[in-house]
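What follows is a single structure, written as structure tokens, with notes after it.
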Amino acid sequence: MAIISTLLGFELHAVLEACLFAVGLYAVASVLTFLYFASIHRFKVPGPTFVQPLVGGLVTMIRDPFKFWEDQRLFSPNGYSWHSIFSQFTVFATKADLCQRIFAVNGENSLTLALHPNGKIILGNDNIAFQSGERHKALRASFMALFTNKALSLYLPIQERLAHEYIADWSKRFPHGGKPEEMRSYIRDLNCETSQEVFLGRHLHNRKKFTENYNNMTEGFLSAPIYFPGTALYKAVQSRKLVIHDLEEAVERSKQYMAQPDAQPHCLLDFWTATISDLVREAKERGEEPPTFSDNERMADTMMDFLFASQDASTASLTMITATMAERPEILERVRAEQRTLRPNDEPLTYDLVQEMKFTRQCVLEQLRLYPPAPMVPMLAHAPFQIDENFTAPKGSLIIPSLVGSCREGFTNPDEYDPDRMGDARQEDRKFAKQFIPFGVGPHRCVGYNYAINHLTVYLALVAHHAEWKRTRTPNSDKIIYLPTLYPHDCLCTWKARGGNKQASA
Ligand code: HEM
Ligand SMILES: *[C@@H]1O[C@H](CO)[C@@H](O)[C@H](O)[C@H]1NC(C)=O
Ligand SMILES: *[C@@H]1O[C@H](CO)[C@@H](O)[C@H](O)[C@H]1NC(C)=O
């Protein structure tokens, strides 16, 4: 007995000492962390009074990122505040004019996009979002023909056909009276298939394999940054090679197709191929090198950037619209009334018809304003960045403009979903154009913004006119989650097909 208690006593003592040591170490680390950040913000910038050593706000952020950034936003009366993410000094900018200034600056010597570490590994260093300067400008200029009225008109029947197919499928699989289904991944499938078809059309072969590999890439994106055979990141990198291979083949097919006399573009890639072949020819005539982005491999990379860029934000806003409308029968009825007026015989969509869907579009714009699907665009400062006359963020800071903050500035009752604010009478989208930036602003502004708005409008128009859906509420239904685009916490629905006007008159 005596031996045991001596042993226990000894062990207790050691454990107690170790605990005291750890507490002491943590206290010292906390004080050092406090002093380190105080030396940067000099108490001129609002921010937390205590941050965890090393990890900073990361632990709280991972638990509920949307709430974390919302707390931070509401805590920034001057339009900016500080925090620490992984010991990196971070400035969160919530005021529109500061966001504008941040977005306007871009380059290797100022600010560049800072993504999750897996981002560069999977998307490649040369992704359009990481580029800057003349090369980036020239690449963007080559997209001009991809989003004209003519091009958007060509994409419409594809969007329409797929929306009909998916709505019919949901009505069959998740009927009223049955078990409600979480819609997020089904909406994502609709959106991915639409992007593939609109961007690459029949030039993309092996659809099934392609989609599987593409999905592996998506999964790797937010997985642990561990590259080792078997990890999600490893799988993503292997899959990327196969995806790029398939896209290179699609690019080659598009080049051959568009080289035929009188060939008409049949997908977004064809429009781009036509521009690229003009650029290559003009360069040749001037005796210059063709643009770096014109070879098959670089074009394939860019098509992948398009697929990625068109995926998350669009899926998030489609899901948001589905959830929002299920809860607002009077607004949904106004969308339906507009459809009845514009398409008395369920006419197929045309570009002009979609332009006339004013109220439907207002609902879409208001959804993008209230919850900008990409709520922030983190940037790394490669040089000191002046925030205002009183404060300059040092080199190495993370600078994060908040699109949520900007999109709620100035608007009347900014936290309310109110599509009428976007109408002809109030025109808040124009009045607050500087604040209304769900697609960013400046040199990297979303290149697909008019296609995206069209896509959301078409979806809402079709789903309202041709389907009825009911959302099952949970205690969390009003919460928002960050994935890292903004989704409703849940969107559990059942569906029923509706014949549009044909049904109403039958
Ligand atoms: C609701 C849907 C969408 C939203 C909210 C959205 C939002 C954004 C935002 C905030 C940026 C970054 C802007 C910046 O850094 O200044 C961006 C970039 C981009 N988006 Fe979108 N986007 C959407 C859909 C699309 C679609 C459908 C496409 C393709 C057709 C697309 C293509 C791109 C590309 C290529 C970039 C990179 C531009 C560059 O770095 O120069 N996006 N988008
Ligand atoms: C992609 O994921 C699927 C399903 O987990 C797997 O069968 C396939 O081997 C993966 N592809 C690659 C290239 O890792
Ligand atoms: C800078 O600090 C001064 C003194 O505290 C204050 O009066 C002024 O409003 C500040 N400027 C800005 C842009 O916040």
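In each ligand, atom 1 is the first atom listed, and ligand 1 is the first ligand listed.
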Residue, atom name and distance, where the atom is the protein heavy atom closest to atom 12 (C) of ligand 1: His444 O, 4.0 Å
Please verify whether a non-hydrogen atom of Val441 lies at under 4.0 Å from ligand 1. yes
My understanding is that only one of Phe75, Phe92, Phe68 makes a ring pair (Phe, Tyr, Trp, His ring centres under 6.0 Å) with His83; could you say which? Phe68
Excluding water, the protein N, O or S atoms sitting under 2.8 Å from atom 21 (Fe) of ligand 1 are Cys446 SG
Of Phe306, Phe199, Phe271, the one forming a ring pair (Phe, Tyr, Trp, His ring centres under 6.0 Å) with Phe143 is Phe306
Using the ring centroid of each side chain, check whether Phe221 and Phe308 are separated by less than 6.0 Å. yes
Would you verify whether the NZ or CZ of Arg408 falls within 45 degrees of the ring axis of Tyr371 while also being under 6.0 Å from that six-membered ring's centre? yes
Just to confirm my output: which protein heavy-atom neighbour is closest to atom 13 (C) of ligand 2, and how far is it? Ser239 OG, 3.3 Å
Min heavy-atom dist Asp305 to ligand 1 below 4.0 Å: no
Is it the case that the ring center of His489 lies less than 6.0 angstrom away from the ring center of Tyr487? no
Checking a contact table here: which protein heavy atom is nearest atom 30 (C) of ligand 1, and how many Å away? Phe199 CZ, 3.5 Å
Nearest protein heavy atom under 4.0 Å from atom 1 (C) of ligand 3, yes or no: yes
Just by distance, no angles: are the side chains of Gln311 and Tyr214 close enough, under 3.5 Å, to form a donor-acceptor pair? yes
Shortest protein contact, atom 9 (O) of ligand 2 (heavy atom only): Glu212 OE2, 4.3 Å
Taking side chain as C-beta onward, heavy atoms only, is Val354 less than 4.5 Å from Arg361? yes
Does Asn109 CG have over 12 foreign heavy atoms under 6.0 Å away? no
Any heavy atom of Arg140 under 4.0 Å from ligand 1? The part involved is side chain
Quick one: does Asp388 get a heavy atom under 4.0 Å from ligand 3? yes
Contact between Gln131 and ligand 1, counting heavy atoms under 4.0 Å? no
Closest contact, heavy atoms only, Leu403 versus Val377: CD1-CG2, 4.5 Å
Heavy atom of the protein closest to atom 6 (C) of ligand 3 (residue, atom name, distance): Asn390 ND2, 4.2 Å
Strictly below 4.0 Å, N to O, side chains only: are Asp126 and Arg298 in salt-bridge contact? yes
Note: ligand 1 atoms sitting under 4.0 Å from heavy atoms of Pro438 are 5 (C), 7 (C), 10 (C)
Using distance alone, decide if ligand 2 has a nitrogen or oxygen within less than 3.5 Å of any nitrogen or oxygen in Asn216. yes
Protein heavy atoms: any of them under 4.0 Å from atom 11 (N) of ligand 3? yes
Non-hydrogen atoms of Phe143 versus ligand 1: any pair closer than 4.0 Å? no
Under 4.0 Å from a heavy atom of Phe103: give me the atoms of ligand 1 that qualify, with their elements. 14 (C), 16 (O)
If you compare all heavy atoms of Ile226 against all heavy atoms of Leu233, which two are closest, and at what distance to 0.1 Å? O-CB, 3.5 Å
Is it the side chain (CB and beyond), the backbone, both or neither of Asn213 that lies under 4.0 Å from ligand 2, heavy atoms counted? side chain
Quick check on the 6.0 Å ring-centre criterion: do His455 and Tyr459 meet it? no
Out of Arg240, Met217, Lys235, Gln238, who is nearest to atom 5 (O) of ligand 2 when you count heavy atoms only? Lys235
Distance alone, cut at 3.5 Å: any donor-acceptor contact between the side chains of Arg188 and Asn215? yes
Under-4.0 Å heavy-atom contact with ligand 3, by part of Glu389 that carries it: side chain
Can you report which non-hydrogen protein atom sits closest to atom 37 (C) of ligand 1, along with the distance? Ile128 CG2, 4.2 Å
Is it true that Glu428 and Lys431 make a salt bridge, defined as a side-chain N closer than 4.0 Å to a carboxylate O? no
Between Ser132 and Asn106, does any side-chain donor sit less than 3.5 Å from a side-chain acceptor? no
Which of the ligand 1 atoms, numbered from 1, are nearer than 4.0 Å to a heavy atom of Pro373: 5 (C)
Looking only at side-chain N and O atoms, does Asp388 offer a donor or acceptor that is under 3.5 Å from a partner on Tyr80? yes
Cation over ring face, Arg421 and Phe432, 6.0 Å, 45°: no
Does an N or O anywhere in Ser317 fall below 3.5 Å from an N or O of ligand 1? no
Does some non-hydrogen atom of Ala129 fall short of 4.0 Å from ligand 1? yes
